[in-house]
Number of protein chains: 2
Amino acid sequence: MVAACRKVHPNDRVPVWFMRQAGRSLPEYRASREGIGMLESCMRPELVAEITMQPVRRYGVDAAILYSDIMLPLKAAGVELEIVSGRGPLIARPVRTDADLEQLRPLDPERLWYVTEAVGLITSQLGALPLIGFAGGPFTLASYLVEGGPSRDYAATKALMLSEPSLWHAMCTYLADLSAVFLRAQVAAGAAVVQLFDSWAGSLSAEDYRRYAQPYSARVLRALADTGVPRIHFGVGTSELLQLMGAAGAEVIGVDWRLPLAEASRRVGHRYALQGNLDPALLSTPWTVLSERVREVISSGAVAPGHIFNLGHGVPPDADPPVLGAIVDLVHTEGAQLRRAAREELAGASTAGGR
Amino acid sequence: MVAACRKVHPNDRVPVWFMRQAGRSLPEYRASREGIGMLESCMRPELVAEITMQPVRRYGVDAAILYSDIMLPLKAAGVELEIVSGRGPLIARPVRTDADLEQLRPLDPERLWYVTEAVGLITSQLGALPLIGFAGGPFTLASYLVEGGPSRDYAATKALMLSEPSLWHAMCTYLADLSAVFLRAQVAAGAAVVQLFDSWAGSLSAEDYRRYAQPYSARVLRALADTGVPRIHFGVGTSELLQLMGAAGAEVIGVDWRLPLAEASRRVGHRYALQGNLDPALLSTPWTVLSERVREVISSGAVAPGHIFNLGHGVPPDADPPVLGAIVDLVHTEGAQLRRAAREELAGASTAGGR
């Protein structure tokens with residue numbers, strides 16, 4: 001996994017994990033969480049470790065991802081919020097003015113003691129497998145903070161972004177530093193890779209992304225540079241933004257299902273490892289169809305100098321765990337061979353083209 | 001408007017209308033609809049004419065669009081469905097098997113008498129202004145039919161599409177013919193332009209769109225070819241699909257806000273008129289910001305051989321009508337000049353480049 005992130009892709013394996021592999025879709029998760037609120041569950045180290053390990057035990061994936069939430073650092077900084085099952089984060093008092101923003105306190109890393117403790121418990125169980133730490137991209141966090149919850153069009157967020165650039169700048173700088181503290185705490189405790197989820201950045205045009213979102217994502221990623229851990233940068237519907245997301249300072253670009261990985265790699269000049277990108281909506285198709293799609297993703301991803309197999313977005317709540325298990329097995333048994341064959345074909349084609 | 005669709009763009013005007021200009025955001029609409037269900041309101045010709053004319057009277061837009069719904073032809077064909085305010089269409093019995101599909105009857109155009117009557121009433125009031133007729137794209141209609149209502153990921157739709165290609169083919173052929181009957185009825189009664197809304201096609205990769213959606217949209221558009229009316233083809237999040245949407249047989253491609261019109265035009269080889277593409281989420285920004293964005297859209301759209309100003313998606317329910325009115329005025333007072341200036345600059349640049 002780490003080698004693939006660093007573009008020294010191993011010959012014997014295509015690494016695989018799933019966004020949201022820990023959580024909603026697993027019966028053992030639902031049992032562990034029973035009667036415990038979402039954010040509360042993220043603050044109990046033993047429970048976090050157990051939930052983080054569940055998909056590793058079940059699927060044999062090549063990485064664990066910390067069970068947590070992108071809103072957790074806001075909660076830790078004193079913002080009144082809850083995460084409502086089936087709806088998402090709800091903020092008691094949306095942040096829309098300078099006065100609102102002044103209420104927000106910087107995050108003392110000490111307040112993330114439960115994250116540090118959980119990461120320690122997890123890495124002691126993981127052995128050689130890497131733990132992925134994660135945080136939210138400033139645009140995505142700002143969208144929840146400004147809208148007060150999930151949104152379809154981010155109208156209040158975009159209005160603030162365009163009409164009050166200095167407030168926007170202050171808010172996103174604050175959020176970038178918050179995510180950086182969250183990520184550094186995870187890395188200090190043992191996370192070997194980090195992923196920045198800027199899930200809703202794809203609602204912006206490339207020009208607005210470049211002006212109003214990328215600088216703050218870059219600020220987060222830059223704050224991790226001295227740790228040396230590979231940085232994955234992911235969003236949904238970002239086919240126009242891939243180059244900018246890479247330039248923000250990531251080693252790996254996460255791609256959703258809309259763009260074949262080969263085309264994504266071409267657009268970014270084959271300079272990044274890619275992660276993705278099976279359409280999660282296909283998990284309920286028959287195995288003959290689904291397995292062919294898995295193979296296509298691997299062959300397409302072979303164009304990139306490194307490929308980490310994943311879905312193009314998170315595991316849906318109603319996903320059937322044995323299907324995810326079968327995908328892991330397929331990627332492990334056929335992945336290396338499919339990747340090798342695709343790369344040999346590419347090399348052949350480029351030689352032929354050179355004649 | 002019609003000239004711009006035909007790429008003989010008038011020199012004195014950039015035409016403008018808004019998707020969903022008739023409806024939810026207008027107080028006079030809410031008054032007219034009081035106590036009347038959505039689909040029922042589409043079946044009362046006088047009411048349809050009144051609602052269709054409301055934004056024309058209020059804004060002075062360059063086209064009316066029939067007040068109706070993409071689900072109406074399914075209702076007319078006997079499918080049990082309702083449209084629930086704030087949620088969308090709900091289908092009593094989702095269609096997922098050959099047996100379900102066999103229950104669906106072809107649509108006798110006679111059953112659309114209220115549409116014919118409404119279009120007659122409207123065109124008699126419109127004078128020289130064109131009426132836009134519309135219908136849903138087969139993929140989008142299929143998504144409602146299969147899911148039973150709105151969906152976030154179209155999982156059941158995609159599963160059916162990939163795993164039962166012959167059922168999918170039969171369903172989309174049925175839906176294409178239904179939309180064609182609906183559009184032909186509107187054109188026969190006097191609609192001067194048609195728009196095919198394949199709103200959710202952007203959830204597909206280009207390859208899946210080409211295989212499973214484009215052929216059926218092409219079937220609808222082809223069924224209109226002999227009428228000679230310009231055909232607009234629109235979807236959301238379709239920056240990867242624009243070429244395929246044009247090739248399906250449209251004169252005009254509708255573009256959402258994510259891609260600048262100049263870039264969209266470049267991707268389709270400057271061979272289509274374009275419609276769009278102000279981000280509707282920006283309607284609540286201050287006028288100094290918003291008006292600059294309106295001007296940018298016009299200048300960017302000048303690259304295309306024809307440009308119809310519009311939003312990049314429908315008018316949001318909470319839009320402030322005076323803001324839409326101010327946009328129409330701005331497009332009418334400055335549009336022609338901005339377009340001319342942008343085209344002269346382009347011509348200059350291409351001459352300079354030729355030296």
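So that the names make sense, note that chain A is the first sequence line, chain B the second, and so on, each numbered from 1.
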Most heavy-atom pairs under 4.5 angstrom with chain B, which of [options]?
options: A:Met161, A:Glu207, A:Glu240; answer: A:Glu240
options: A:Leu241, A:Leu259, A:Asp208; answer: A:Asp208
options: A:Ser284, A:Gly312, A:Ser203; answer: A:Ser203
options: A:Arg152, A:Arg267, A:Glu263; answer: A:Arg267

Nearest 0.5 Å, what's the [atom1]-[atom2] distance between [X] and [Y]?
X: A:Ser205; Y: B:Glu296; atom1: OG; atom2: CD; value: 9.0 Å
X: B:Tyr154; Y: A:Leu282; atom1: OH; atom2: CG; value: 14.5 Å
X: B:Lys158; Y: A:Leu283; atom1: NZ; atom2: CG; value: 11.0 Å

Which portion of [X] sits near chain B, non-hydrogen atoms under 4.5 angstrom:
X: A:Leu162; answer: both
X: A:Asp318; answer: neither
X: A:Asp279; answer: side chain

Inset, instruction - Assess whether atom CD of B:Glu345 is packed by more than 12 heavy atoms of other residues, nucleotides or ligands within 6.0 Å. - result: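 No - once you tally the heavy atoms of other residues, nucleotides and ligands closer than 6.0 Å, there are 12 at most.
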Legend entry - Crowding at NE2, B:His270 (>12 non-hydrogen neighbours, <6.0 Å):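 Buried by this count: over 12 neighbours within 6.0 Å.
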Using a 3.5 Å cut-off and no angle test, enumerate the donor-acceptor pairs between side-chain atoms of residues 17-24 of chain A and protein atoms at least two apart in sequence or in another chain.
| unit_1 | atom_1 | unit_2 | atom_2 | d |
| --- | --- | --- | --- | --- |
| A:Trp17 | NE1 | A:Gln275 | OE1 | 3.0 |
| A:Gln21 | OE1 | A:Phe18 | N | 3.0 |
| A:Gln21 | NE2 | A:Ala63 | O | 3.0 |
| A:Arg24 | NH2 | A:Val315 | O | 2.8 |

Inset, instruction - Indicate the atoms forming the closest heavy-atom contact of A:Gly202 with B:Arg258, along with that distance. - result: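 Answer, listing the atom of A:Gly202 first, then B:Arg258: O-NE, 2.7 Å.
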Inset, instruction - Could you have a look at B:Ser163, B:Gly237, B:Pro260 and say which one has the most heavy-atom pairs with chain A under 4.5 angstrom? - result: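 Heavy-atom pair counts peak at B:Ser163.
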Legend entry - Contact winner vs chain A - B:Val289, B:Thr288, B:Asp153, heavy-atom pairs under 4.5 Å: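 Sorted descending by pairs with chain A, the first entry is B:Val289.
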